[in-house]
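Lettering of chains follows the sequences in order, A, B, ..., and the numbering in each one begins at 1. Keep in mind that this is a model prediction, so the values were computed, not measured.
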Amino acid sequence: MSVAEETHTKSRPRRDLILKERGLLSLLVAAAIGFAVSIYLTVVHYSGASLVCSTTSVINCQAVTTSAYSVLFGTSIPVSAAGIVWFLVSGELAAVGLLKAYRSQAEPGWLRPVQLFWGLGGLIFVLYLVYAEIVLVHRICEWCTLVHLLTLFSFMVALGRLASRKR
Amino acid sequence: MANQRGKRARAPRQTPFWRRTSTLMLGTVVVVIVAVVAFIVIAHLKSTNSGGSDVASPAVVRQVAGVSPQVLKSVGTGGYQNPLKTTHSGSTLKGSGGKPEVLYVGAEYCPFCAAERWSVIVALGRFGKFSNLHYTTSSSQDVYPNTPTFTFYGSTYKSKYIDFASVETTTRNPNKPLQNPTSQQNALMQKYDAPPYVQDRGSIPFIDVANHYVATGSGYDPNLLANKTQKQIAGRLANPKDPLTRGIVANANYLTAAICESTGNKPAKVCSKPPIPQVQKKLGK
């Protein structure tokens, strides 16, 4: 086999991996973005700095992130800290599956149900936060909406992966 | 031959409609959209029935109601004149709890009320606890537009030493009524919200400390609050050198001193600690 043929042969499994595991990859990317945004929101919360955010009669990140609903119940811990944990776990679950696929090993049987359960928990909490934004605070935060959409996306991908699992 | 018959007989299995991936995905999106639309409808219904203000962050309220003793002492009167006028009344206004009452009458649109509420919360925070405070801003159509503040509408206050009664007469829209003073409160305003106690009859905010001291207007310049959020203002209350802090806290110290006079200087941890005894000497009896 020539060097060119050898290189082409080695790169094919990686391309196949990306195509085959695009669900896991998209979960990993969503987790990375969500993790970064959650870190940003948490840093801003503790530093008291202003968010980079537009301000209109409806969109007001400051109003949302300084409201009573911006902290976990009965604590002074910002909800974005919960987002850090959620996206970290979501990313790690995706990484577990990707690692197994890369090593041509079988994906753990518990992975997809756990990803769905985790995604469902995140989605339920997101619906509560959206309720708080719209009904209680009467404002929407762009950064929060991005995090909410990433959570919804992660749930839908997890749902799709579980539903498409071959029996 | 038998194997071929077996192969021909096996029909492809069809996934039920409700288990298809596309159905589940679409169902999720529909549920989320329905939930968001429901939230918007609920929010709309709620805002037509109330002033539509945002709930204040507990952390912010804690910062305002719990200004440190060091800051209170360091600011003292802050170089501000006493805003309170003594009524020389021999009787003490008592509230529904039988305790000396602090009465506040204002309106959400009013920028001077917006400024005064900060000092009221700092002062009353030393005697008890506020709950359910909401953020608001003064009217965008008035002087000192959109002054960030809280509203007392819908809030509660509990204290072992004083009762607090608040009346926000209108929302941010001065043409939209919110609360009406009681006949007793109206009578007090007729008597004390007028010369010789105050300069202009019917001024707001009107503060009556147990019928012993009254004040109208804001004890400091509302412009100090401009272009800041409630969280930013609360954060600055830790710095006694900040002009904004000096305005809010000096005004609050005067109110505190007056309240202490009405409670027989209880609690001692508030009324006996500097700067209150020194401020009380400036109140006039």
Side-chain angles (χ1 to χ4, degrees), chain A residues 23 44-51 55 57-58 60-78 116 119-120 123-124 126-140 145 148-149 151-153 155-167, chain B residues 13 15-16 18-48 50-63 131-137 140 146 148 150 227-236 238:
Chain A
V44 164
H45 176 91
Y46 284 116
S47 67
S50 296
L51 279 167
T55 305
S57 60
V58 174
N60 191 326
C61 296
Q62 203 77 26
V64 172
T65 57
T66 57
S67 74
Y69 309 98
S70 64
V71 291
L72 295 174
F73 317 104
T75 73
S76 58
I77 303 169
L116 181 68
L120 182 63
L123 184 64
I124 290 170
V126 157
L127 285 174
Y128 158 72
L129 292 175
V130 172
Y131 172 83
E133 273 184 289
I134 295 175
V135 179
L136 302 172
V137 184
H138 308 291
R139 299 291 186 276
I140 293 170
T145 302
H148 301 161
L149 288 173
T151 310
L152 172 62
F153 174 77
F155 170 75
M156 289 175 62
V157 170
L159 183 65
R161 275 175 39 84
L162 185 65
S164 64
R165 182 164 67 174
K166 289 176 186 170
R167 295 181 185 277
Chain B
R13 288 168 73 184
T15 311
W18 55 271
R19 277 189 61 189
R20 288 183 201 157
T21 306
S22 54
T23 308
L24 292 168
M25 298 273 206
L26 188 63
T28 304
V29 171
V30 167
V31 165
V32 170
I33 289 174
V34 166
V36 171
V37 168
F39 297 159
I40 293 170
V41 169
I42 293 169
H44 177 72
L45 289 172
K46 272 188 77 176
S47 67
T48 55
S50 71
S53 311
D54 310 329
V55 175
S57 158
V60 169
V61 174
R62 269 197 300 273
Q63 281 179 294
S131 301
N132 205 35
L133 281 167
H134 282 62
Y135 293 140
T136 190
T137 59
S140 57
N146 302 310
F150 304 86
N227 302 316
K228 299 173 189 64
T229 65
Q230 287 85 348
K231 184 179 178 182
Q232 288 168 334
I233 295 167
R236 288 165 76 146

For B:Ala43 and A:Ile134, which heavy atoms make the closest approach, and how far apart are they? CB-O, 3.2 Å
Flag the one option from A:Arg161, A:Met156, A:Glu133 with the top tally of heavy-atom pairs under 4.5 Å to chain B. A:Met156
So which heavy atom on B:Lys231 is nearest to which on A:Val44, and how close? NZ-O, 4.4 Å
Side chain, backbone, both or neither: which part of B:Val61 has a non-hydrogen atom closer than 4.5 Å to chain A? neither
Using a 4.5 angstrom heavy-atom cutoff, name the option from A:Val126, A:Val157, A:Leu123, A:Leu159 with the most pairs to chain B. A:Leu159
Heavy-atom contact with chain A under 4.5 Å, split by part of B:Ala59: neither
What are the two closest non-hydrogen atoms of B:Phe39 and A:Val135, and how far apart are they? O-CG2, 3.3 Å
Taking all non-hydrogen atoms of both residues, which atom of B:Ala35 and which atom of A:Leu127 are closest, and how far apart? CB-CD2, 4.1 Å
